[in-house]
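Chain identifiers are assigned alphabetically (A, B, ...) following the order of the sequence lines, protein sequences preceding nucleic acid strands; residue numbering begins at 1 within each chain. Here the structure is a predicted model, which is why all the values come from computation and not from measurement.
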Amino acid sequence: MESIRIELPDGSVKEMAKGSTPLDVARSIGERLAKDSVAARVDDTLVDVSTPIESDAKLALITLKSADGLEVYRHSTAHLMAHAVKELFGDKVQVTIGPAIDNGFYYDFYSPKHTFSPEDFAAIEGKMATLAASDMPITREVVTRDEAIQLFREMGEAYKVELIEDLDVSTVSLYRQGPFVDLCRGPHLPSTGYIKAFKLTSVAGAYWRGSEKNAMLQRLYATAFPDKKELNKYLERLEEARKRDHRKLGRELDLFSFSDEAGAGLVIWHPRGAMLRTLIEDFERREHLKRGYDIVMGPQILRTELWKTSGHYENYRENMYFTEIDEQSYGVKPMNCLAHMLIYKSQMRSYRDLPLRYFELGTVHRHEKSGVLHGLLRVRGFTQDDAHILCMPEQLDGEIKGVLGFVRDVMAIFGFEYELEISTRPEKSIGSDVDWERATKALISALDDTGLPYEINEGDGAFYGPKIDIKLKDALDRKWQCATIQCDFTLPERFDLTYVGADGEKHRPVMVHRVILGAIERFIGVLIEHYAGNFPLWISPVQAVVVNVTDNQQAYAEQVFTQLRAAGVRVQKDFRNEKLGFKIREAQMAKTPYMLVIGDREMEEGTVAPRHRSGRNLDSMTPEAFVAFVAEECSRYQ
RNA sequence: GCUGGCGUAGCUCAAUAGGUAGAGCACCUCACUUGUAAUGAGGAUGUUGCGGGUUCAAUUCCUGUCGCCAGCUCCA
């Protein structure tokens with residue numbers, strides 16, 4: 001019999017008969033490995049453990065311990081769910097697609113006759129458990145494209161037919177488990193019995209193939225883990241994450257609110273939230289001034305004519321608010337660039353002036369679709385830490401690198417990890433091919449320079465230029481774009497911006513539109529979840545609360561409070577006639593960093609006894625010492 | 001914007017086969033003078049999101065609208 005050489009990840013080589021399967025190889029190593037292997041990687045291709053190997057190859061067996069294994073597991077669980085749904089709802093539903101995602105999987109069903117609700121979950125889970133327990137083999141078969149089309153057509157699965165019809169291949173693979181068959185590339189678990197722990201989590205609408213022009217499908221989300229223990233751990237983690245939800249903490253910590261009466265997506269900042277925001281904005285002003293930006297301010301509304309000049313009226317009108325007064329139409333600004341353009345144009349510019357960096361904490365309004373609003377993370381009125389850099393083309397690289405460095409420094413201060421993405425030209429856009437190419441190259445070069453990994457989103461750029469996006473994650477790992485760096489070769493053109501070069505001729509400057517935190521609202525939303533409401537001292541709206549033990553110390557405590565406030569500590573007092581434990585508890589729940597306890601002892605010594613929200617007590621110290629202590633802890637950010 | 005779910009006191013949630021609503025916390029009053037996560041007693045609290053319809057009667061059923069939640073689409 002012909003034999004082949006199988007190279008294993010540790011470099012060892014096994015001689016196996018031609019046509020041996022990964023499972024055969026696993027068995028030759030050990031029964032335990034054979035049992036644990038759910039798929040295999042043969043020369044970089046993921047396959048089933050039952051796929052025969054026909055020639056010399058590198059082989060890695062995949063168990064549920066690896067990310068690949070888990071993905072296979074979840075994908076197979078998605079099939080199991082589709083199988084269960086077909087058994088329960090039969091002809092009422094058609095299957096479409098069901099991939100594995102982070103922490104689980106989903107499956108989309110076309111189901112006009114039955115609307116899925118969480119009440120269906122128990123039945124579906126029960127059926128899945130039965131199907132898993134029956135341990136049906138999951139088998140792969142390869143058929144021609146036409147055979148597959150015919151098969152799914154007979155089954156009444158129109159969406160599968162459409163999928164196959166769009167495939168440019170001669171054969172497709174099918175996976176069967178009992179009577180259930182699905183078009184799938186695989187690989188899959190050897191049998192349904194491998195599936196042990198899963199839970200349906202939610203149901204939501206999703207457009208077929210992600211386009212709002214297509215039919216709305218019903219998507220069942222679920223999670224799956226190799227065993228119940230891990231599943232429960234995940235569910236607990238999810239529960240913990242929900243406690244960090246900035247919408248919940250925002251109310252509990254009395255930071256902000258929304259009001260139907262005011263309007264959807266419009267933030268109302270309460271004293272503590274407004275303080276938090278002010279502190280962050282002050283920080284921003286300092287950091288920008290340090291880096292050579294000039295602070296500027298523009299008006300809230302500008303004449304509609306100007307939005308026509310900029311191209312916003314043409315491209316962004318549906319997101320804008322307009323108002324008309326004295327027969328004059330104005331647009332409420334959705335972006336801050338226009339005033340910055342006017343500042344640039346207010347005088348003749350020399351190449352010696354460049355780069356010019358105009359910074360504005362600019363409040364903008366955008367009419368976002370009602371369904372996308374989400375706490376502070378997606379609102380209709382927000383303030384950006386916006387800047388427009390106007391420079392010579394040869395300065396572009398350096399400016400973009402400078403901004404990326406700025407982002408890196410700021411994110412380090414808040415302890416954020418972030419993901420970088422670059423987005424290229426979309427279909428609906430303005431500007432020439434040459435400009436787009438030059439701008440895109442500049443961004444890529446700057447990204448490469450950071451040495452950090454980044455993703456490329458083709459066609460995802462703004463209508464006026466390509467961009468780099470920096471994304472942060474919320475408590476539930478949903479990604480939100482915060483910082484963004486966008487090249488714009490269009491506005492300088494439209495506003496006819498020029499500078500006089502060394503040659504005495506007029507030249508066109510290039511523009512970089514960039515934000516570091518992005519929208520302050522969104523950033524604070526993510527920040528609340530990041531710290532779970534336990535803000536570091538330098539941005540804590542309330543840094544300390546003075547708490548007396550009995551009325552006896554009230555006069556002294558009042559004096560301490562006044563002294564600390566005069567010294568710039570953000571301090572509050574709680575002199576209510578309550579037990580100390582009660583007042584400590586309240587301060588604790590408000591996540592106040594320090595509680596300054598004053599009893600007879602402290603009054604006699606002229607000190608306070610600080611208690612940190614962690615429960616740790618500091619040695620008693622004089623109010624002056626506490627002021628210095630706070631100043632020291634905050635100093636590294638100022 | 002779309003699909004589905006939801007809107008009851010400041011917050012978290014009960015209630016009703018259709019008969020105009022209750023509990024805890026918070027709030028107010030009184031007593032207690034208290035040492036590091038809840039002292040006790042008493043009190044007040046609602047146009048049941050808003051409008052229209054069906055009905056003798058609507059918080060409950062129907063409908064419109066506003067808002068919220070999950071996801072999709074879209075974006076900081």
Starting the side chain at C-beta, find the nucleotide from [options] nearest to [X].
| X | options | value |
| --- | --- | --- |
| A:M589 | B:A37, B:A76, B:C74 | B:A37 |
| A:E212 | B:G71, B:U36, B:U73 | B:U73 |
| A:Q384 | B:U36, B:C27, B:A76 | B:A76 |
| A:D260 | B:A70, B:G67, B:G71 | B:G67 |
| A:R576 | B:G71, B:A37, B:C27 | B:C27 |
| A:R478 | B:A76, B:G35, B:G71 | B:G71 |
| A:D551 | B:U3, B:U33, B:U73 | B:U33 |
| A:V597 | B:C75, B:C72, B:U36 | B:U36 |

Would you indicate what [X] reaches in the nucleic acid, counting non-hydrogen atoms under 4.0 angstrom: base, sugar-phosphate, or nothing?
| X | result |
| --- | --- |
| A:F523 | nothing |
| A:G518 | nothing |
| A:V547 | nothing |
| A:G581 | sugar-phosphate |
| A:G210 | sugar-phosphate |
| A:F582 | sugar-phosphate |
| A:D469 | nothing |
| A:K467 | sugar-phosphate |
| A:E578 | base |
| A:Q481 | sugar-phosphate |
| A:V372 | base |

Is the [X]-[Y] ring centre distance short of 6.0 angstrom?
| X | Y | result |
| --- | --- | --- |
| A:F109 | A:Y107 | yes |
| A:F256 | A:H270 | no |
| A:F414 | A:F523 | yes |
| A:Y358 | A:Y293 | no |

Would you kindly give the [atom1]-to-[atom2] distance between [X] and [N], to the nearest whole Å?
| X | N | atom1 | atom2 | result |
| --- | --- | --- | --- | --- |
| A:I598 | B:U36 | CD1 | P | 16 Å |
| A:F575 | B:G35 | CZ | P | 18 Å |
| A:L376 | B:C75 | CG | C1' | 16 Å |
| A:W480 | B:C75 | CH2 | C1' | 10 Å |
| A:F116 | B:G4 | CZ | P | 13 Å |
| A:Q554 | B:U33 | CD | P | 16 Å |
| A:D600 | B:U36 | CG | C1' | 16 Å |
| A:N214 | B:U3 | CG | C1' | 14 Å |

Measuring only the [atom1] atom in each nucleotide, how far is [N] from [M]? A whole number of Å is fine.
| N | M | atom1 | value |
| --- | --- | --- | --- |
| B:A31 | B:U36 | C1' | 24 Å |
| B:C74 | B:U55 | C1' | 45 Å |
| B:U59 | B:U20 | P | 10 Å |
| B:C25 | B:C6 | P | 30 Å |
| B:G42 | B:C56 | C1' | 41 Å |
| B:C2 | B:U60 | C1' | 29 Å |
| B:U8 | B:U47 | C1' | 13 Å |
| B:U54 | B:C75 | P | 46 Å |

What is the ring orientation for A:Y531 with A:F535, classed by angle as parallel under 30°, tilted 30 to 60°, or perpendicular over 60°?
->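 A:Y531 and A:F535: perpendicular rings.
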
May I ask you to decide if the ring planes of A:H312 and A:W307 are parallel, tilted or perpendicular, using 30° and 60° as cut-offs?
-> perpendicular

With respect to the phosphate group of [N], does any side-chain polar atom (N or O) of [X] fall under 4.0 Å of OP1 or OP2?
| X | N | value |
| --- | --- | --- |
| A:Q588 | B:A37 | no |
| A:H374 | B:G71 | no |
| A:K369 | B:C72 | no |
| A:R611 | B:A37 | yes |
| A:S370 | B:G1 | yes |
| A:Q486 | B:A76 | yes |

May I have the step-by-step check of side chain to side chain donor-acceptor pair (under 3.5 Å) for A:N548 and A:K583, ending in yes or no?
-> CA-CA 9 Å; A:N548 59 342; A:K583 295 198 272 191; 2.7 Å; yes

For the pair A:K471 and A:E455, find out whether any cationic side-chain nitrogen is under 4.0 Å from an anionic carboxylate oxygen.
-> no

Please report the C-alpha distance between A:F406 and A:H288 in whole Å, then the side-chain angles of each, then the deciding distance to 0.1 Å, and finally whether the side-chain contact (heavy atoms from CB on, under 4.5 Å) criterion is met.
-> CA-CA 9 Å; A:F406 196 170; A:H288 279 83; 3.5 Å; yes

Checking only heavy atoms, does the side chain of [X] share a donor-acceptor pair with the base of [N] at less than 3.5 Å?
| X | N | answer |
| --- | --- | --- |
| A:R378 | B:C74 | yes |
| A:Y207 | B:G1 | yes |
| A:E602 | B:G35 | yes |

Evaluate whether the aromatic ring of A:F382 and the six-membered ring of the B:A76 base sit under 5.5 Å apart, centre to centre, with an inclination under 30°.
->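 Check passed, A:F382 stacks on base of B:A76.
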
Hey, mind stepping through A:F626 and A:Y594 against ring pair (Phe, Tyr, Trp, His ring centres under 6.0 Å) and telling me if it holds?
-> CA-CA 10 Å; A:F626 184 72; A:Y594 290 101; 5.6 Å; yes

Mapping A:A483 and A:R613 onto RNA chain B by nearest heavy atom, which one lands closer to the 5' end?
->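 Its nearest nucleotide being more 5', the pick is A:R613.
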
Assign each of A:T115 and A:R247 to its nearest nucleotide of RNA chain B by heavy atoms, then name whichever residue's nucleotide is nearer the 5' end.
-> A:T115

Does any N or O in the side chain of A:D488 come within less than 3.5 Å of the main-chain N or O of A:L491, such that one atom is a donor and the other an acceptor?
-> yes

Using Watson-Crick and G-U wobble pairs whose two distances are both under 3.5 Å, how do you write the pairing of RNA chain B as dot-bracket, with | for links to another strand?
-> (((((((..((((.....[..)))).(((((.......))))).....(((((..]....))))))))))))....

What is the minimum heavy-atom distance between A:L249 and A:G533, and which atoms define it?
->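 Between these two residues, the closest heavy atoms are CD1-N, 3.8 Å.
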
